[in-house]
Structures are given as C-alpha cells and as structure tokens.
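Inspection log for the structure reproduced underneath, given as structure tokens.
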Amino acid sequence: MKRTRRLRTSEALRRLVQETKVDVSDLVYPLFVIEGENIRQPIDAMPGIFQYSIDRIVEEIDRVLEAGISAVLLFGIPKKKDEQGSEAYNDDGITQRAIRAIKKKAPGLLIIADVCLCEYTSHGHCGLVCEHTILNDETLVLLAKMAVSLAQAGADIIAPSDMMDGRVAYIRERLDEAGYYNTPIMAYSAKFASAYYGPFREAADSKPAFGDRKTYQMDVANGTEAIRECMDDVEEGADIIMLKPALAYLDVLKEASMRCDYPLAVYNVSGEYAMVKAAAQNGWIDEKKIVMENMIAMKRAGAKIIITYHAIDVAGWLKEIQ
Ligand code: PBG
Ligand code: ZN
C-alpha cells in the first residue's frame, strides 16, 4: 500500500517535507498618507489600517521595522484634487514629502511608490478624462512625470497601477532619461476591474465620480489576456510583474508563474482583507490560521512577493513559529 500518511506523522516530519514557506522578506505593507498634522484616521472597512499624516506615519514605520518587513507600498492622498491630478507630479506633493520623511527615518526600508492619478484627480479616474472617455496617450505623459518626481524624492521602486497601454515602456524611457536607470518598475500588469477594491477607495478617496474602470482595468473573466498583459509588460521593460486581486485569481497567478520568468508579486487587496477581518471579528473564523493559509496559498500558486495589509501580523506570527 502507498502510505502517504507516513510523512505526516509528526510536526518535525511535516516541516521537513513542507513545500511552501512564507518568509518575512516576501511581505510588502501598504501605507496611506494624508495631508495635515497628528492624524491617524481609521478606515471603516479595514480594521487596523489607518490614514496617517506625515508626522504620524513615522510611528507606523517603527512597527514595520520592528516586524522585520523590508518594503512598503506608499499611497498619497492630496487635499487638493483637480482634473489633471496635478498634485501627483508636484515635487512638493504629499507623496513626495512622505517619501522624504520615511527615507530620513528609515534609509534602508524599500519604498515602492504607486503611480496612478486616481487619488489625485477630482473625477477619481486613473487617467485624463475627455467627455467621459479616459485618454491613454495623454495620460502617459503625466504618469511619467509622476514617476520621475517620485524617484527624485527617493522612491526605490516605481509601481504603475493605472492600466494605460504602453505605460511601462513610456515610464521606463523617462526614468532613464532622468538618470534613474537603476530604479526598477513593478508593474500592476494584470489588474482586474474588481469589486474587491471597494474598501481601498475609501482609504485612498479615489472612487470614480462617474462610470467604472472597465475601459482600462481587465475583464475578470479573462485569464489568457492576463498572461498577455504580463508578457507585454516584461517586453516593455518591467522588472517585477504584479497581479491583483489575489485569492479569486490564483489560477492566473499560477499560469503567470509558469509562463513569465520574472519576479512575481501578488496584491492581497482591501476587499480580501475586509472579508477576513469581518469574519474574524465575529468569531466565525480563526484569523491567524486563515491568514497564514491564504499567505501559503498565494506562494504555492507562484507568487514571490505578497503585498498585504496583514503584513505586520503575519511577520509577528512567523516569529512565533520559529
Ligand atoms: C489605484 C489602485 C487601486 C488599488 C491599488 N492601486 C484601486 C483601484 O484601481 O480602484 C487597489 C488596492 C486594494 O484594493 O487594496 N489605481
Ligand atoms: Zn488608479
């Protein structure tokens, strides 16, 4: 008889043959920064996650460092929004100032800067709008300006999340011209038009004022197209490929990990976090076990990098195991 249970007889044996492990070096923690002073504003649908003013974000950085996390993904939310998202590429904008403050406090911490206009535009879309159409090529110019401005402020990695066509190549070229040829691009390559981003739009104040994002984000039904998006971004010069959301898209993640030989990241998004938190707060699930199971699932499906709001908790739980 084949006895597969033999290797399950003790904790030590199970650990010896365990195929997938999560490490603190895999984790990226998202941060929201807003203008003002002494602000730590909770986000309703994301218990444990806050919008911080720059003076308070340095406190959160302490927790990140203590947890041993080596990278954060930064989202800035400006006070002043306009149709062109001008604050996105203002060298003295909220995100640029936050990057400088974090760098000063923690020079070794990697700052990944999200590049998109939706937090900065009055209409909440990720690109320039003309009569309810989201313009592509005109938007590229602004995204690249934003990327260069963020790199100049000290961002270590540029992460375009807008889903405009050709943005990776365009941004790469502008970064190189400005001398930032060593700044990697982590592309949100396959970003689905998902309802799982709901809580984030409260956190980032980026809900579209009209319509939806389906003319630029991907149809949730299209797995093959997602692979094409990844391939295109690699060709355009992306250094790291990202997929999002995570848990309902593990099939796409697996496929991408087999087809693209580039570091693969996955974004365990706000709605996924909210669902786990809500069930945990009701005592319906064991939060720690569910979260760790989800982390393993994302790695098993092929992700190297996991962007998650659970990062600090996960880092703590990983220490307990060792
Ligand atoms: C901005 C952006 C979004 C997320 C990351 N960058 C929202 C959106 O596209 O509507 C979602 C992250 C999350 O839900 O946690 N383009
Ligand atoms: Zn956007």
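Since the structure is predicted, the reported quantities are computational estimates derived from the model, not experimental observations. In each ligand, atom 1 is the first atom listed, and ligand 1 is the first ligand listed.
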Is the shortest N/O to N/O distance between Ser270 and ligand 1 below 3.5 Å? yes
Strictly by modelled atom types, are Tyr170 and Arg174 linked by a side-chain donor-acceptor pair under 3.5 Å? yes
Specify whether an N/O/S atom of His125 falls short of 2.8 Å from the Zn ion (ligand 2). no
of all protein heavy atoms, closest to atom 15 (O) of ligand 1 is Tyr309 OH, 2.6 Å
Do Glu255 and Arg259 sit within salt-bridge range, that is, some charged N less than 4.0 Å from a carboxylate O? yes
Are Glu60 and Tyr52 close enough that a side-chain donor and a side-chain acceptor fall under 3.5 Å? yes
Angle at the Zn ion (ligand 2) between SG of Cys118 and SG of Cys126, to 10°? 110°
For Asp82 and Ser122, which I'm curious about, is there any donor-acceptor pair between the side chains at under 3.5 Å? no
For Lys191, atoms of ligand 1 separated by under 4.0 Å from a heavy atom: 1 (C), 2 (C), 3 (C), 6 (N), 8 (C), 9 (O), 16 (N)
Does Tyr273 reach ligand 1, in the sense of a heavy atom lying below 4.0 Å from it? no
Residue, atom and distance of the protein heavy atom nearest atom 11 (C) of ligand 1 read Lys244 NZ, 2.8 Å
Within-4.5 Å side-chain heavy-atom neighbours: Asp156 and Ile112: no
